[in-house]
Amino acid sequence: MDRQQILDLYEWDDGVCFRHPSKGEVLTAHVKTIRPPAGGIQDVRACQECVMAMEEERRSVAARRGAPYSPGGLAAE
C-alpha cells in the first residue's frame with residue numbers, strides 16, 4: 001500500500017498531535033484511548049506524519065517477528 005492508501009484507513013479530524021503539540025490543531029487520527037491516574041479518559045491523536053511513522057514501526061516489528069502486517073489498526077492495539 002502507498003502512503004495515501006494507508007492514511008485513508010483512518011478517520012481524520014482537527015486535533016492536537018501527541019508528539020507535536022506545538023503545531024496546534026492539525027488533521028489528526030485517533031490512535032489510542034488512555035485512562036490517566038487522575039481519572040477520566042483521554043483520546044490520543046496523531047498527525048499524518050506520526051501515523052505513518054507508527055505504521056512503519058508496526059511493519060518493521062511484524063517483519064522481524066515473521067508475522068503478517070496489516071495497516072490501519074493503531075487504535076485497536
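Reckoned from all heavy atoms, side chains included, excluding hydrogens, waters and symmetry mates. Because the structure is a prediction, the values reported are computed rather than measured.
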(Q) Check for me, please, whether Val44 and Ile41 land in the same ILVMFWY cluster - side-chain distances under 4.5 Å, paths through other members count. (A) no
(Q) Taking side-chain contact (heavy atoms from CB on, under 4.5 Å) as the definition, give me every residue that meets it alongside Met52, ordered by chain and number, with sequence neighbours left out. (A) Arg3, Ile6, Leu7
Q | Hydrophobic cluster identity match, Val31 and Val61, side-chain contacts under 4.5 Å | A | no
Q: Please name all residues satisfying side-chain hydrogen bond (donor to acceptor under 3.5 Å, both in side chains) with Ser60, sequence neighbours left out, ordered by chain then number.
A: Arg64
Q.
Within this structure, what is the CG-OG1 distance for the pair Asp43 and Thr33, rounded to the nearest 0.5 Å?
A. 4.0 Å
(Q) Just to verify, what does Glu25 make a salt bridge (Lys or Arg N to Asp or Glu O under 4.0 Å) with, not counting sequence neighbours? (A) none
Q | Full working for side-chain contact (heavy atoms from CB on, under 4.5 Å) between Leu9 and Gln5 | A | CA-CA 7 Å; Leu9 296 172; Gln5 289 172 315; over 6 Å; no
Q. Just by distance, do the side chain of Arg45 and the backbone of Thr28 share a donor-acceptor pair under 3.5 Å?
A. yes
Q. Where do Cys17 and Cys47 come nearest, in terms of heavy atoms and distance?
A. SG-N, 3.4 Å
Q.
For Glu56, give me all partners under side-chain hydrogen bond (donor to acceptor under 3.5 Å, both in side chains), at least two apart in sequence or on another chain.
A. Arg59
(Q) With side chain to side chain donor-acceptor pair (under 3.5 Å) as the rule and sequence neighbours excluded, what pairs involving residues 11-22 come up? (A) none
Q | Counterpart residues, side-chain hydrogen bond (donor to acceptor under 3.5 Å, both in side chains), relative to Glu57 (two or more places apart) | A | none
Q. Measuring from Cys50:SG to Leu74:CG, what's the distance to the nearest 0.5 Å?
A. 11.0 Å
(Q) Taking side-chain hydrogen bond (donor to acceptor under 3.5 Å, both in side chains) as the definition, give me every residue that meets it alongside Glu55, ordered by chain and number, with sequence neighbours left out. (A) Tyr10, Arg58, Tyr69
Q: Applying side-chain contact (heavy atoms from CB on, under 4.5 Å), run through Gln48 and Leu27 and close with a yes or a no.
A: CA-CA 7 Å; Gln48 293 180 349; Leu27 279 180; 4.2 Å; yes
